[in-house]
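Proteins come first, then strands; the chains are lettered A, B, ... in the order of their sequence lines, and each starts at number 1.
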Number of protein chains: 2
Amino acid sequence: MAVTAKDVAEACGVSRITVNRALSGNENVKPETREKILKKAQEMGYVPNLIARSLVNGKSKMIGIVISDIKNLYFSEIVDAITRQARARGYMVCTCTHDSDCQEEKRLIEMMKGYCVDGMILNCVNRGGEFKDWLDKLNMKYVILGYQLLPESYTVGVNENKSVKDVVRFLKAHGYNKQVFVVPPLYGEDGRINIPHYQRASGFQEEAKKQGCDYHILYGNDTNEQALEFLKKNTGEKPVFLCTGEMFAIPMQKFLKKNGYRAPKDYGLMTYDRLMYRFWNEEAIAAVDNHVDQIGTSVANAVIDLIEEKEIPMNIEVPYDLEEGTSL
Amino acid sequence: MAVTAKDVAEACGVSRITVNRALSGNENVKPETREKILKKAQEMGYVPNLIARSLVNGKSKMIGIVISDIKNLYFSEIVDAITRQARARGYMVCTCTHDSDCQEEKRLIEMMKGYCVDGMILNCVNRGGEFKDWLDKLNMKYVILGYQLLPESYTVGVNENKSVKDVVRFLKAHGYNKQVFVVPPLYGEDGRINIPHYQRASGFQEEAKKQGCDYHILYGNDTNEQALEFLKKNTGEKPVFLCTGEMFAIPMQKFLKKNGYRAPKDYGLMTYDRLMYRFWNEEAIAAVDNHVDQIGTSVANAVIDLIEEKEIPMNIEVPYDLEEGTSL
DNA sequence: CTGAAAGCGCTTACAG
DNA sequence: CTGAAAGCGCTTACAG
């Protein structure tokens, strides 16, 4: 098997403790001995066994990430940011995906515990107090991806309720009084609610009402068609569509274009995130940029702070920006 | 800290060995004792410490993935496929990224060894015999992402030299005798060659010559402009551009469109991969589909087969498809 | 059916 | 400056 400290020790005619001391930079080693050990270790290709070290130290320097799907651009960008920040602070990252399967999520979290990760970052599909109790019983440190997503837990994310209110005012300031919020079904096939989308939808409603806007909500799996109907029937003011994601905004833009409606001539368009945008050099849709990389960096810092026993706020808000584009 | 087998044993008034036997499904435990142990373990939230197990078993059931950048769609798709296949075979995955930094790649590989991964999947930026020697000295199992990328190593990928020849014939069969290969600089800033692109370029040249095509190669950072010039000066036959990636093909298509040239009216267009395509519902560019998910599945299987001491071929070719689109 | 012993590779006191 | 001892949580023989 692999070369161990013991092998190096034998090759040098000293004890493994001395080898360890030399390698760890401890001062109490005779310079010549140290030299010899370092040289031999190098020669023999000695790499310390980190899991043995974990076992005795009680810390693994590993962070577990349990998310739904890494092919999703949102997550690949977050995982990238987490990986970088974790490495910068001396941690390695293990990622696994549960495809929004509640049972699988629990299995993976237990597995992460089994591997003794020092902390976990969760994009949890399980919800509510029962899950929270189950999680706490594991006695692990964890941070939830998503602002205030799980009660009484450490969370990191954008305050969706607040940001959408900014958007309403932003659009109003751009002269749009007729505002249409476009959102896919809030409830999944399993009957569970999509909390971030719900936070946006309810915030939109509150603020649009408050601002005296003529507001509407398009909801469901056929929002493209609904939007087209809306434009056809619309009289008077030009409306703006606020889509809850690029996955909806971009196809909608194409669909409407095919049917003779163009932004910003016939309607305004705004979306969330600019993840796909980086692949193209075309006109930008106005967007709420949630700075996904910052979310990743923040959540990595949060969980590492927890691990290192630093105090952090319960719910960390990551800032967002409203970005102009050519679609308003 | 966490609940150990010892804790469960004490709670049940038996030895930890008995606990272990009950939990591992060993038959030699009195049914009542087993019942009691299973119940207590469940109650106490016992999760076996997998790194302690790794230490004694000499295998961690972890696979290390060392790649350049997970934000790259190619890699996020591969990592996704690897993760799924690895889980299906009982392995967990640790991923880290080196941003094409040769030193960092070596550090990460050593770190993976330190964490006792049973095998590694590498998208290596280091090349050549010296690296190969260094790698082998670590005495780890590894598979390289990229067909025949590192000599005398297990590799998995598409046979680029072969596939591009198919493409040349495919385009010829579509009536294109004037073929233009579009490739970014083959040498990076660091002077190292991009082997897959080189394999494609040289295969293209060989086959185009053999087929008696009127062939050209556009090469560099301004291939959009070069393509436009080419079309402007072009007389006679309609050419086809074969781009080495969507990152080049899609912007080129847009650029040419802006300048009044459209595919397939004024030119033909073919590209590699359909990774971005899944985000859109627009017309498809004809493409060599490398089935990136299959590459991921294959490379996961390859490394796990190695770990489990099964025989596998040195270089595994993953099949590709030539996909029709609306651009030819 | 059950347990005491040895060991995986390391670290952390403690003794010389 | 150097080493023997104990222990992290588990598993694998071996003994009763």
Salt-bridge contact R87(A)-E104(B) (side-chain N to carboxylate O under 4.0 Å):
yes
From C-beta outward on K30(B), which listed nucleotide comes closest to its side chain: dC10(D), dT2(C), dG9(D)?
dT2(C)
Which one, dG3(D), dC8(C), dC10(D), comes nearest to the side chain of R21(A)?
dG3(D)
Would you call D305(B) and R89(B) a salt bridge, taking side-chain N to carboxylate O under 4.0 Å as the test?
yes
Would you mind checking if D80(B) and R84(B) are paired as a salt bridge, meaning a charged N to carboxylate O distance below 4.0 Å?
yes
Quickly work out the D7(B) CG to dC10(D) P distance and round it to whole Å.
9 Å
R34(B) CZ to dT2(C) C1', in whole Å, measures 13 Å
Result for 5'-nearest mapping on DNA chain D, choosing between I51(B) and I17(B), is I51(B)
Interatomic distance, K59(B) NZ vs dT12(D) P [rounded to whole Å]
9 Å
Looking at T18(A), does any N or O in its side chain come under 4.0 Å of the phosphate oxygens OP1/OP2 on dG3(D)?
yes
Do any N or O atoms from the side chain of K59(B) and from the backbone of D118(B) form a donor-acceptor pair under 3.5 angstrom?
no
To the nearest angstrom, the CZ-C1' distance between R16(B) and dA13(D) comes to 15 Å
Tell me: CD of E32(B) to C1' of dC1(C), nearest whole Å?
11 Å
Does Y46(A) put a side-chain nitrogen or oxygen below 4.0 Å from OP1 or OP2 of dC10(C)?
yes
Less than 3.5 Å apart, any donor N or O on the side chain of D136(A) or Y142(A) sitting next to an acceptor on the other?
yes
Of the nucleotides dC10(C), dC8(C), dG3(D), which one has an atom closest to the side chain of T4(A)?
dC10(C)
Find which nucleotide of DNA chain C each of V56(B) and G13(B) is nearest to by heavy atoms, and output the residue with the more 5' nucleotide.
G13(B)
Please measure how far the P atom in dG7(D) lies from the corresponding atom in dA4(C), and state the result in whole Å.
16 Å
Expressed in angstrom and rounded to an integer, what is the separation of N57(A) atom CG from dC10(C) atom P?
12 Å
Taking only side-chain nitrogens and oxygens of S15(B), does any of them come within less than 4.0 Å of OP1 or OP2 of dT2(C)?
no
Does dC14(C) pair with anything, Watson-Crick or G-U wobble, both distances under 3.5 Å, and if so, with which nucleotide?
dG3(D)
Nearest-Å distance for atom pair CG/P, residues N49(B) and dC10(D)
5 Å
Once you round it to whole Å, what is the distance between P of dG9(C) and CG of L23(A)?
16 Å
Does dC10(C) have OP1 or OP2 under 4.0 Å away from a side-chain N or O of S54(A)?
no
